[in-house]
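Atoms considered below: every heavy atom in the structure, side chains included; atoms not considered: hydrogens, waters and symmetry mates.
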Amino acid sequence: MVRGINASAGIGIGTVAIVGDQQVAYTPFQPEDPAAEVKRFENALSEFSAKTFAMAEELRKKAGEKEAEILMGHAVLISDPALTEEIKKKINAGMCAEAALEAVLDMFIDMFGATGDELTQQRVTDLKDIKTGMLKTLLHIEDLDLSNLKPDTILVAHDLTPSMTATLNKEHVVGIVTEEGGKTSHSAILARSMEIPAVLSVRGIVSELHNGDQIIVDGIEGAVLIRPSDSQVIAYRKKREAYLEEKRALGKFVGKETRTDDGKRFELFCNIGTSAETAKVLEYDGEGVGLFRTEFLFMDRTQVPSEEEQFEAYRQAAEGMRGRPVIIRTLDIGGDKEIPYLGLEKEENPFLGYRAIRFCLKRKDLFRAQLRALLRASAFGDIRIMLPLVTCVEEVREAKALLADVESTLEQDGIQYKKNVPVGVMIETPAAALIADLLAEEADFFSIGTNDLTQYTMAVDRGNAKVSYLYSAYNPAVLRSIRHIIKTAKEKHIPVGMCGEAASDPHLIPLLIAFGLDEFSVSPAAVLQTRKIIAAWDSKKASEAAQHALELKTEREVAEYLESLY
């Protein structure tokens, strides 16, 4: 048995089909006629865009609107005028179309790959997919076709790209295993949408297997069994049936309020990265958006998005949620997320550096445009603004002063917006946790970002494997911090939510109920499962569990105790 990331739940039992990376080789040359070479690039771009939109339509039928948007985004990105002009400039300087394309796209691949952030890493896969697709178009190489797979096939690949998935016959594919990717990668998103069990980031799996090998993909536990015994196959068939039965049982939670067994009400929101994802929130019965990450509006491009572009994205999100709350986080970028056109300097310690609210308050031109777009969009729904990485009261006051100034300019321009848009802060640093009482006097709501709160509280780089054992929300220091933040919010009479991974952790849910959390914000696919777990607890039992957990002294003790409850 080998292990990876459980990216799409379910059990797949079948035979291996290895999907190798297509080799796209060419010999660089200096074109004799740069104008003709530019024309060759433009023709390939038109062909690639048309082909990509056609594949997106196929993906829409198989997986859904949001998944089709991934491929449509490829065509839109490669057609960005700023990007294509840069490619043409290199062609006119003496590069062939293939080399110019690679040079420009590799710049972005390096940029996103250097962040170490899982959400931005998926952009690397997108850009590599675009690069390969454009090179194949320029070189007249046929695309890989996965439409004629045998029944009960398990795809094994270094990575599964969106363009590969477009041709996949999902009726015949019972599992996916890759060497790359995480829970938020497009491989994972597409696998979940098509309800195909998937285990990702299984190092070296391609070289360990052969076509025709029998394997079992356990997308629940994140395990892969290679050439299983008859008894293992029988056991996993039973596990598959139990999983499918449990999945059918989740249907009874659709359309229900999120309540404990004794009737305590909670809000169950979703985390999204684009306005198109609001369709998935509604599909999975989410009650609102607890975190809209706006940084992706800034990252897949070569220049700052205009106020109008941002307004359209926020308006679409507000309208897409049909009056339900949409909490939009202001730009959380800088430091570890390098954007060439912003001119950010390389930092020794980016996670403690010039990022998020610190960057926005220094670049008021960018921040003002985003706030204007947010306020304008507030006229179309229930938009709420959230400030990231706050560490002191001054940051909140300065941001609110700028917001008030933007409101005045909108008044002068006669532009509609909703008065008194709620402004909240993310509590994700020890500093913010310690002055939660002071911040609560400035903010309309709190949202606990447990990913960073855990990292900063434990002084641990979560990307460093040598110290990853310290990165756990079960650590008593983190649990006490979460309890303190929620307690303070309650005392100051402001609502408090959680948008980190801990919000959907079934082991932590009883503790969060007992602490008094008001709102859970999870991935759309986790909504019904989270609602079911909340419904299984009553306030008294949750309080008893929390009290006992807080008496324990080590992370292991807490983890084992919470596991025993689940």
J.: How close do Leu331 and Glu295 get, heavy atom to heavy atom, and via which atoms?
T.: CD1-CA, 3.8 Å
J.: Do Arg531 and Glu287 meet the salt-bridge criterion of a basic N to acidic O distance under 4.0 Å?
T.: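 Counted as a salt bridge, because a side-chain N and a carboxylate O are separated by less than 4.0 Å.
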J.: Identify the heavy atoms of Val396 and Glu442 that sit nearest to each other, and give their distance.
T.: CG1-CB, 3.8 Å
J.: A quick test of your reading: do over 12 heavy atoms of other residues, nucleotides or ligands sit less than 6.0 Å from CZ of Arg248?
T.: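 Buried by this count: over 12 neighbours within 6.0 Å.
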J.: Could you tell me whether Asp285 and Lys280 have a side-chain N and a carboxylate O separated by less than 4.0 Å?
T.: no
J.: Just wondering, are more than 12 heavy atoms of other shown residues or ligands nearer than 6.0 Å to CD in Glu544?
T.: yes
J.: Is there a side-chain contact between Tyr284 and Cys270 (heavy atoms, below 4.5 Å)?
T.: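 No, every pair of side-chain atoms sits at 4.5 Å or beyond.
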J.: Any side-chain heavy atom of Ile327 sitting closer than 4.5 Å to one from Leu291?
T.: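 Ile327 does not reach Leu291 side chain to side chain.
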J.: For the side chain of Thr454 and the backbone of Asn451, is there at least one donor-acceptor N/O pair under 3.5 Å apart?
T.: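 It does not hold such a pair.
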J.: Would you mind checking if Asp262 and Lys540 are paired as a salt bridge, meaning a charged N to carboxylate O distance below 4.0 Å?
T.: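 No, no charged N to carboxylate O under 4.0 Å.
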J.: Which atom pair, heavy atoms only, marks the closest approach of Leu552 to Pro476?
T.: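 Taking Leu552 first and Pro476 second, the nearest heavy atoms are O-CG, 4.0 Å.
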J.: Please examine the side chains of Lys532 and Glu246, heavy atoms only from C-beta on, and report whether any two atoms are closer than 4.5 Å.
T.: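 In contact.
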J.: If I take atom CG from residue Asn271 and atom OG from residue Ser447, how far apart are they, to the nearest 0.5 angstrom?
T.: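 One finds 8.0 Å between CG of Asn271 and OG of Ser447.
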J.: So do Leu105 and Leu83 actually touch side chain to side chain, heavy atoms under 4.5 Å?
T.: yes
J.: Check Lys400, Lys364, Arg368 against Asp405 for a side chain to side chain donor-acceptor pair (under 3.5 Å) and give me the one that passes.
T.: Arg368
J.: Is there a side-chain contact between Arg384 and Ile328 (heavy atoms, below 4.5 Å)?
T.: no
J.: So, taking the atom named CZ in Phe253 and the one named CD1 in Ile534, what distance separates them when rounded to the nearest 0.5 Å?
T.: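 Nearest 0.5 Å value for the CZ-CD1 distance: 10.5 Å.
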J.: If we ignore angles and hydrogens, is there a donor and acceptor under 3.5 Å between the side chains of Thr294 and Arg329?
T.: no
J.: With salt bridge (Lys or Arg N to Asp or Glu O under 4.0 Å) as the rule and sequence neighbours excluded, what pairs involving residues 417-440 come up?
T.: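 Listed by first then second residue: Glu411-Lys419.
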J.: For Thr429 and Ala432, indicate whether the former's side chain and the latter's backbone hold a donor-acceptor pair under 3.5 Å.
T.: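 Yes; at least one donor-acceptor contact below 3.5 Å.
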J.: Is it the case that atom CZ in Arg259 sees more than 12 heavy atoms from other parts of the structure closer than 6.0 Å?
T.: yes
J.: For the pair Lys256 (side chain) and Lys252 (backbone), establish whether a donor and an acceptor sit closer than 3.5 Å, ignoring hydrogens and angles.
T.: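 Looks like yes, one N/O pair under 3.5 Å.
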J.: If you look at every heavy atom in Thr260 and Ser539, which pair is closest and at what distance?
T.: OG1-OG, 4.3 Å
J.: Minimum heavy-atom separation for Pro430 and Tyr456, please, with both atom names.
T.: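 Result for this residue pair: CD-CB, 3.5 Å.
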J.: If we only count heavy atoms from C-beta on, is the Tyr474 to Tyr561 side-chain gap below 4.5 Å?
T.: no
J.: Does Val289 form a side chain to side chain contact (heavy atoms under 4.5 Å, CB included) with Met321? I'd like the steps, not just the answer.
T.: CA-CA 8 Å; Val289 170; Met321 286 307 299; 3.9 Å; yes
J.: Kindly indicate whether the side chain of Ile485, heavy atoms from C-beta on, has any atom under 4.5 Å from the side chain of Phe515.
T.: no
J.: Pair Lys264, Asp538 - check salt bridge (charged side-chain N to carboxylate O under 4.0 Å, His left out), show working.
T.: CA-CA 8 Å; Lys264 187 175 180 182; Asp538 63 41; over 6 Å; no
J.: Mind checking the CD1-CE spacing from Ile448 to Met498? Nearest 0.5 Å is all I need.
T.: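 Reported value, rounded in 0.5 Å steps: 4.5 Å.
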J.: I'd like to know if the side chain of Asn475 reaches the main chain of Ala477, judged simply by a donor and an acceptor atom lying under 3.5 Å from each other, with no hydrogens or angles considered.
T.: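 Present.
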J.: Are there over 12 heavy-atom neighbours, none belonging to Asp413, within less than 6.0 Å of that residue's CG?
T.: yes
J.: To the nearest 0.5 Å, what is the distance between CD1 on Ile435 and OG1 on Thr488?
T.: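 If I round to the nearest 0.5 Å, the distance is 11.0 Å.
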J.: Check the pair Gln370 / Tyr314 against side-chain hydrogen bond (donor to acceptor under 3.5 Å, both in side chains), numbers first and verdict last.
T.: CA-CA 10 Å; Gln370 182 172 44; Tyr314 308 146; 3.1 Å; yes
J.: Between Arg315 and Glu308, is there a side-chain N and carboxylate O pair less than 4.0 Å apart?
T.: no
J.: Please determine whether side chain to side chain contact (heavy atoms under 4.5 Å, CB included) holds for the pair Glu395 and Leu361, giving the CA-CA distance in whole Å, both sets of side-chain angles, and the decisive distance to 0.1 Å.
T.: CA-CA 8 Å; Glu395 290 168 335; Leu361 291 176; 4.1 Å; yes
J.: For the side chain of Ser481 and the backbone of Val478, is there at least one donor-acceptor N/O pair under 3.5 Å apart?
T.: no
J.: Test your reading of the model: is there a side-chain donor-acceptor pair from His507 to the backbone of Ala559, 3.5 Å cut-off?
T.: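 Judged by distance alone, no pair lies under 3.5 Å.
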J.: Please give me the minimum heavy-atom distance between Ala399 and Phe367, naming the atom from each residue.
T.: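 For Ala399 and Phe367, the tightest heavy-atom pair comes out as CB-CE2, 4.1 Å.
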J.: With a 4.5 Å cut-off on side-chain heavy atoms, are Leu508 and Leu479 touching?
T.: yes
J.: Test your reading of the model: is there a side-chain donor-acceptor pair from Arg483 to the backbone of Leu511, 3.5 Å cut-off?
T.: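 Pair absent, no side-chain N/O of Arg483 close to backbone of Leu511.
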J.: Strictly distance-based, threshold 3.5 Å: is any side-chain N or O of Asp332 a donor or acceptor partner for the main-chain N or O of Pro388?
T.: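 No.
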J.: Would you say Asp518's side chain and Val496's backbone share a donor-acceptor pair under 3.5 angstrom?
T.: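 Answer holds: yes.
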J.: Please check if any side-chain donor atom of Tyr471 sits under 3.5 Å from a side-chain acceptor atom of Glu555, or the reverse.
T.: no
J.: Rounded to the nearest 0.5 Å, what separation is found between the CD1 atom of Ile78 and the OG1 atom of Thr52?
T.: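 Ile78 CD1 to Thr52 OG1: 9.5 Å, rounded to 0.5 Å.
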J.: Applying side chain to side chain contact (heavy atoms under 4.5 Å, CB included) to Thr530 and Leu268, what does each step give before you reach the verdict?
T.: CA-CA 8 Å; Thr530 303; Leu268 187 49; 3.8 Å; yes
J.: How long is the straight-line distance from SG of Cys392 back to CG of Leu439, given to the nearest 0.5 Å?
T.: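 So the CG of Leu439 and the SG of Cys392 are separated by 8.5 Å.
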J.: List the steps, then state whether salt bridge (charged side-chain N to carboxylate O under 4.0 Å, His left out) holds for Lys247 with Glu195.
T.: CA-CA 11 Å; Lys247 189 175 177 183; Glu195 300 185 329; 3.1 Å; yes
J.: Please check: side-chain N/O of Thr278 versus main-chain N/O of Ser275, any donor-acceptor pairing under 3.5 Å?
T.: yes
J.: Is it the case that Arg376 places NZ or CZ above or below the six-membered ring of Tyr417, under 6.0 angstrom from the centre and within 45 degrees of the axis?
T.: no
J.: Between Phe520 and Phe269, does the ring centre distance come in under 6.0 Å?
T.: no
J.: Run the side chain to side chain contact (heavy atoms under 4.5 Å, CB included) check on Leu512 and Ile482 step by step: do they pass?
T.: CA-CA 9 Å; Leu512 299 177; Ile482 292 170; 4.0 Å; yes
